Amino acid sequence: MEKINALKGFKDLLPGDSERWDWLALTARRTFDAFGFSPIHTPILERTTLFTRSIGETTDIVEKEMYTFEDWDGKQVTLRPEGTASVVRAFLEHRHQMPVLPVKLYYQGPMFRHERPQAGRLRQFHQVGAEIIGDIDPKQDIELLSLLTYFFKRIGLDNLTLEINSLGCPVCRPPYREILQDFFKKKLTTLCEDCNRRFHKNPLRILDCKKESCKTITTDAPASAKHLCTECDEHFKTVQQGLKTLKIPYQYSKHLVRGLDYYTKTAFEMTTQNLGAQNAVAAGGRYDGLVEALGGPATPAIGFAMGMERLMHLIPETKGMPSTLQLFIVPLGESAYQTLFPILYSLRKKKLRSEIGYSDSPLKKQMKQADRLNAEYVLIAGDEEIAAKKAILRNMKTKSQTEIGLSNLINEILAEIEG
RNA sequence: GUGAGUGUAGCUCAAUGGCAGAGCACUGGUCUGUGGCUCCAGUGGUUGAGGGUUCGAUUCCCUUCAUUCACCCCA
């Protein structure tokens, strides 16, 4: 029979990594909780139009990366490629059951994009994200950025760079876009092929081209933050002032842009040097127009998402270490097993991580298994011990052994191991 | 979608146009009811798959699949 493997870009998370993964998710939960965010879980499958309308018809995600198919009843459905659209949809659908504005929500779960896998990029990947819906005040931007910064500090990553920029709004972005196009118009012949394509589709994207030849040209390109309307300009200044007050280090990145169409005003990224080409660990920004675009009342909002797999590459191996086996029970013979198995059950109910060997295996073999499982203690009993109503408790590290009477075995073991 | 690299034992990797190897892991012995360490022995491969050149291909050529990295894009 032919072996069946996981699909390209879909990964199993095995013991060892799973514990770190859970630790990361739990730490996120606790941190977001402290900042006043509530959890939300939305479906993985949504109507396709939710994403075409929110992310943007002409983005790569919508054009060629979504897992879209026709449901049995003929509906066009899509595996979510990101989380914000679903959260906003759920907000609108249940807004009368939501607490007063602003609503602060966080989520975590799998996202799907059909891309060619590479370092830090999978087809099924996982994001943790947070959204603040219903307040245009820059105080919310500051709060969200403080949450982001603190979370990274809490998981032991303090060498990341917070880059911020302002992309403007429907008032000031179109004129800026024209200024930018004017700037690049004379330089089209020296820009790369991709940038020539970007010139028409999304000229802002030229600003973060990776080619050196383009980079030298873009150095002098006009910055969006220098062409903001009064409202956006004040907003951006207040955000920066707030970060300074909280002593949150950041870098103004005049050419930082966002890939999804719905972003406005504040845009930001957390980047690292240790992840290969995919250097963004978290990213987000304001999306004041999205709620309205999805059929709701005009409602400003801001949010971000972090890539779990990318975080996993960065956090120390020691975080969330798998718990060690505290006790391995060695029964020598069937009658010993019959006596010891109920004891194992009792110990497990007392939350002692414990295991039992095969009663028909020789002592040597069972000891070897205990050693391989990294057991801290081993409890040994054969016919002799059972007849004498006792068992041997061995400390695998110190090699010291004590005899324990069966009558009070459970308490004595717990005292020895946990005491 | 585009480009480059890599596919040999469970894992990490050698080698050669002429019998396919090592280390680790595994099994057993050394050590009959006491693990790790030592020493000894053993199991394990259609060299990713298919085709071509050749007396002979794991090696050279073509195709294909898988995988990695990069571009694109993005968390």
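All chains are named by letter (A, B, ...) in the order of the sequence lines, taking the proteins before the strands, and each is independently numbered beginning at 1. Predicted model only: the values in this text are computed from it and were never measured.
At a cut-off of 3.5 Å, with distance as the only test, no side-chain donor of A:Ser253 or A:Asn165 sits close to an acceptor on the other residue. Inspection of the A:Ser335 and A:Asp383 side chains reveals an N or O donor paired with an N or O acceptor under 3.5 Å. For the residue pair A:Gln326 / A:Ser354, no side-chain donor-acceptor distance below 3.5 Å is found, with atom types taken as modelled. When only modelled atom types and interatomic distance are considered, A:Thr266 and A:Ser166 share no side-chain donor-acceptor pair under 3.5 Å.
Looking at heavy-atom distances under 4.0 Å, A:Ala119 makes contact with sugar-phosphate atoms alone, never a base. Looking at heavy-atom distances under 4.0 Å, A:Glu63 makes no contact with the nucleic acid at all. A:Arg116 comes within 4.0 angstrom of a base, heavy atoms only. Nucleic acid contact for A:Glu384: base, since at least one base atom lies under 4.0 Å from a heavy atom of the residue. Across all strands, A:Gln366 comes closer than 4.0 Å to no nucleic acid atom at all (heavy-atom distances).
When each of A:Ile61 and A:Ala381 is assigned the nucleotide of RNA chain B bearing its nearest heavy atom, the one mapping closer to the 5' terminus is A:Ala381. Take the nearest nucleotide of RNA chain B for A:Ala280 and for A:Gly9: the residue whose nucleotide is more 5' is A:Gly9.
Taking atom CZ of residue A:Arg394 and atom P of nucleotide B:G35, one finds them 8 Å apart after rounding to whole Å. Atom CG in A:Asp60 sits about 13 Å away from atom P in B:G1, given to the nearest Å. When rounded to the nearest whole Å, the span between CZ of A:Arg121 and C1' of B:U68 equals 13 Å. Regarding A:Phe51, its CZ atom lies at a distance of 16 Å from the C1' atom of B:C74, rounded to whole Å. Rounded to whole Å, atom C1' of B:C74 lies 15 Å from atom CE of A:Met66. Rounded to an integer number of Å, the gap from A:Lys210 NZ to B:G3 C1' is 15 Å. With rounding to whole Å, A:Lys365 atom NZ is found 9 Å from B:G29 atom P. In this structure, A:Glu355 places its CD atom 16 Å from C1' of B:G35, rounding to the nearest Å.
To the nearest whole angstrom, the two P atoms, one in B:U47 and one in B:U34, are 45 Å apart. Rounded to whole Å, the separation between the P atoms of B:U59 and B:U16 comes to 14 Å. Between B:A41 and B:C24, the two P atoms lie 13 Å apart (nearest whole Å). Comparing B:U53 with B:U67, their P atoms sit 31 Å apart, to the nearest whole Å. B:U54 and B:U58 have their C1' atoms separated by 15 Å, given to the nearest Å. Comparing the P positions of B:G45 and B:C39 gives a spacing of 27 Å, expressed to the nearest Å. Using atom C1' as the reference point in both B:A66 and B:A49, the two lie 10 Å apart (nearest Å). With both ends at atom P, the span from B:C19 to B:G3 equals 38 Å, rounded to whole Å.
For A:His41 and A:Tyr107, the gap between ring centers reaches or exceeds 6.0 Å.
When the side-chain nitrogen and oxygen atoms of A:Lys201 are compared with OP1 and OP2 of B:C72, none of them lie within a distance under 4.0 Å.
You'll find that the side chain of A:Arg113 is closest to B:A75, out of B:U27, B:C72, B:A75.
Other residues, nucleotides and ligands contribute at most 12 non-hydrogen atoms within 6.0 Å of the CD atom of A:Glu193.
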